[in-house]
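Down below is the structure, laid out as structure tokens.
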Amino acid sequence: MPTSRPGRVPAATRGERFAVLDPATGESFDEAPDQRPEELDAVVARAHAAWPGWRSDPAARAKALLTAADAVEAAGAGLAPLLTREQGKPLSESYAEVARVAARLRYFADPALSAPRPRRITDGRPVRGEVRWRPLGPVAAIVPWNFPLQLASAKFAPALAAGNTVVLKPSPFTPLATRLLGSVISAALPEDVLTIVTGREPLGARLASHPGIRHVTFTGSVPTGRAVAAGAAASLARVTLELGGNDAAVLLDDVDVERIAERLFWAAFRNCGQVCMAVKRVYAPARLYSQVVEALAHHARTVVVGAGLDPDSRLGPVNNAPQLARVERCTAQALAAGARAAAGGHRLERPGYFFAPTVLADVPPTDPVVTDEQFGPVLPVLPYDSLDEAVAAANDTGFGLGGSVWGTDLDRAEAVADRLECGTAWINHHAELSLAQPFAGIKDSGVGVAGGPWGLYGNLRPFVVHRPEEQP
């Protein structure tokens with residue numbers, strides 16, 4: 001493997017740049033290179049050139065990833081505030097995101113995981129067959145703005161551990177911390193093993209469809225995910241798509257409302273509700289409905305909302321103006337259709353993209369705030385009369401990412417969770433993931449698997465060798 005050299009995050013060749021806004025003020029505070037699609041040919045070519053050396057030495061890869069993890073931790077004091085400045089989340093959550101990046105690099109650096117052993121094929125024939133694993137080649141990773149560092153690492157850590165090179169494109173709403181992260185990590189890697197490109201469309205579309213890319217891994221909206229898959233199909237590149245969710249929380253009739261209310265609130269409102277696997281709708285038994293609404297509304301009314309750099313803030317702003325407009329629109333539509341705002345329901349009168357944490361009651365079950373993914377600090381709560389009705393409503397969605405069941409009888413709750421049509425079901429909590437578990441959705445929530453060994457094998461292909469047991 002080539003000797004490690006300082007990493008390089010290329011600037012746009014013509015000097016074009018675009019503004020990066022602070023969502024707490026709505027004003028520009030920095031700029032990022034606006035790279036052009038035609039620049040990708042050279043970027044991908046360099047990733048191809050770096051690939052043979054990187055894939056050839058698993059032990060050196062593991063060492064480099066561990067060095068990168070240490071470097072990420074050491075850079076936390078620079079990364080976390082920058083992430084908060086461009087994304088909006090509280091500083092404590094940004095530090096947690098940085099820590100998750102380092103932890104994921106260490107997880108995939110484990111040789112027992114990143115260098116899978118060959119597997120013998122036993123089928124009774126006098127031939128020794130063996131399955132070995134080979135990396136795919138350059139990987140394109142396209143990342144959204146809600147967890148830019150964490151989702152980037154969920155893509156590049158397994159891809160790099162498997163022996164691939166990576167070209168990573170962050171959202172134009174959150175490019176700065178990712179560029180800094182790329183510089184920190186690339187300093188521990190051979191040149192061109194990890195490259196960060198930033199820019200507005202059609203940069204992402206061109207990257208997804210580039211003929212030199214062998215795997216496209218994308219997190220974002222369903223329409224964009226379909227476009228990514230169509231672009232990758234031209235070169236028959238593998239695709240992994242995580243396309244959001246409309247997760248339901250089903251509360252059973254034995255639930256202790258006061259005990260779970262705060263946990264349930266944060267399962268819905270963490271990162272200002274901008275979490276693909278956040279609770280997006282709550283189904284409560286009719287006899288407990290008012291109590292559930294009021295318990296959640298209390299937390300919504302009392303939580304401190306402010307700039308992420310303010311140490312007193314627990315919730316930050318919505319990340320960007322288009323998303324704020326979407327949240328405002330879906331909330332107004334629900335209120336016009338007869339919903340009641342038990343808390344919030346409006347934009348806050350201050351600079352930036354702040355929306356009051358909102359709990360909606362009496363929502364028509366067919367309203368878009370229930371059937372679509374609102375992706376903001378708005379939570380509809382709906383009553384149910386029978387458990388079968390609640391399960392059917394929870395499953396009546398085009399998404400299938402996650403879901404949860406809340407109750408005192410854990411065996412009963414698990415039996416209900418087993419009926420949910422989704423990739424992950426939680427009991428008495430929500431949206432907690434181990435680095436070692438698979439993460440995948442069904443239906444419109446995506447294609448492919450991230451996390452754990454499954455995430456690694458998503459970046460490998462089987463290679464089979466047959467040889468006679470004896471000389472002919």
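All of these numbers come straight from a predicted model, not from anything done at the bench.
- Counting only distance, with no hydrogens or angles, the side chain of Ser386 and the backbone of Glu389 share a donor-acceptor pair below 3.5 Å.
- Asp70 has a carboxylate O that lies under 4.0 Å from a charged side-chain N of Arg106, or vice versa, which qualifies the two as a salt bridge.
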**OP:** Give the C-alpha distance, both sets of side-chain angles, the deciding distance and a yes or no for side chain to side chain contact (heavy atoms under 4.5 Å, CB included) between Asp253 and Arg287.
**Re:** CA-CA 8 Å; Asp253 55 10; Arg287 72 176 184 84; 4.3 Å; yes
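- Without hydrogens or angle criteria, Asp444 side chain to Phe399 main chain gives no donor-acceptor distance under 3.5 Å.
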**OP:** Give the C-alpha distance, both sets of side-chain angles, the deciding distance and a yes or no for side chain to side chain contact (heavy atoms under 4.5 Å, CB included) between Val305 and Arg314.
**Re:** CA-CA 6 Å; Val305 179; Arg314 299 292 306 281; over 6 Å; no
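- Between Trp426 and His429, the ring planes are perpendicular. Angles over 60° get that label, and only those under 30° would be called parallel.
- Comment: Arg85 engages Asp22 in a salt bridge, judged by a side-chain N to carboxylate O separation of less than 4.0 angstrom.
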**OP:** Please step through side chain to side chain contact (heavy atoms under 4.5 Å, CB included) for the pair Val293 and Val282, ending with a clear verdict.
**Re:** CA-CA 10 Å; Val293 168; Val282 173; over 6 Å; no
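- Within the 3.5 Å criterion, the main-chain N or O of Lys280 finds a donor-acceptor partner in the side chain of Gln374.
- Between Ala295 and Val257, the shortest heavy-atom distance links the atoms CB-CG1, 4.0 Å.
- Using modelled atom types, one side-chain atom of Arg263 and one backbone atom of Asn428 make a donor-acceptor pair closer than 3.5 Å.
- A salt bridge does not link Asp34 to Arg17: none of the charged nitrogens lies less than 4.0 Å from a carboxylate oxygen.
- Rounding to the nearest 0.5 Å places OG of Ser114 at 10.5 Å from OH of Tyr107.
- Minimum heavy-atom separation, Gly245 to Ser445: CA-OG, 4.0 Å.
- In summary, of the residues considered (Pro81, Pro23, Pro175), a side-chain contact (heavy atoms from CB on, under 4.5 Å) with Glu86 occurs for Pro175 alone.
- The number of heavy atoms from other shown groups lying within 6.0 Å of CD (Glu414) does not exceed 12.
- Annotation: cation-pi pair Lys155/Phe218 absent, no NZ/CZ under 6.0 Å from the ring centroid and within 45° of its normal.
- A salt bridge between Glu294 and Arg301 is present, with a side-chain N of the basic residue lying under 4.0 Å from a carboxylate O of the acidic one.
- Heavy-atom neighbours of Arg226 CZ from other residues, nucleotides or ligands within 6.0 Å: at or below the threshold of 12.
- No donor-acceptor contact under 3.5 angstrom links the side chains of Ser186 and Ser183, judged on distance only.
- Looking at Asn146 and Phe173, their side chains never come closer than 4.5 Å, going by heavy atoms from C-beta outward.
- Side-chain contact between Thr84 and Glu93: absent, with no pair of heavy atoms (C-beta onward) separated by less than 4.5 Å.
- Between Lys89 and Glu97 there is a salt bridge, with a side-chain nitrogen of the basic residue lying less than 4.0 Å from a carboxylate oxygen of the acidic one.
- Using a 4.0 Å cut-off between a side-chain N of Lys or Arg and a carboxylate O of Asp or Glu, Asp372 and Arg281 do not qualify as a salt bridge.
- Here the side chains of Leu168 and Thr195 are not in contact, with every heavy-atom distance at 4.5 Å or above.
- The minimum heavy-atom distance between Arg340 and Leu335, with the atom names listed, is C-CD2, 4.2 Å.
- Ionic pairing of Lys443 and Glu421 is present here: one or more N-O contacts between side-chain nitrogen and carboxylate oxygen are shorter than 4.0 angstrom.
- A pairwise comparison of heavy atoms in Leu251 and Val292 identifies CD2-CG2, 3.7 Å as the closest pair.
- Side-chain contact, Asn459 with His215: a donor N or O sits under 3.5 Å from an acceptor N or O.
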Subject >> Check against side chain to side chain contact (heavy atoms under 4.5 Å, CB included), Leu360 and Val378 >> reply: CA-CA 7 Å; Leu360 296 177; Val378 179; 3.7 Å; yes
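- Other residues, nucleotides and ligands place more than 12 heavy atoms under 6.0 Å from the CD atom of Glu201.
- A heavy-atom distance below 4.5 Å is not found between the side chains of Leu401 and Cys422.
- Contact annotation: the side chain of Asn319 approaches that of Gln274 to within less than 4.5 Å [non-hydrogen atoms, C-beta and beyond].
- Counting only heavy atoms from C-beta outward, the side chains of Val167 and Phe156 never approach each other to under 4.5 Å.
- Taking the side chain as every heavy atom from C-beta outward, Ile213 and Ser235 never approach each other to under 4.5 Å.
- The nearest pair of heavy atoms linking Thr219 to Leu151 is CG2-CD1, 4.1 Å.
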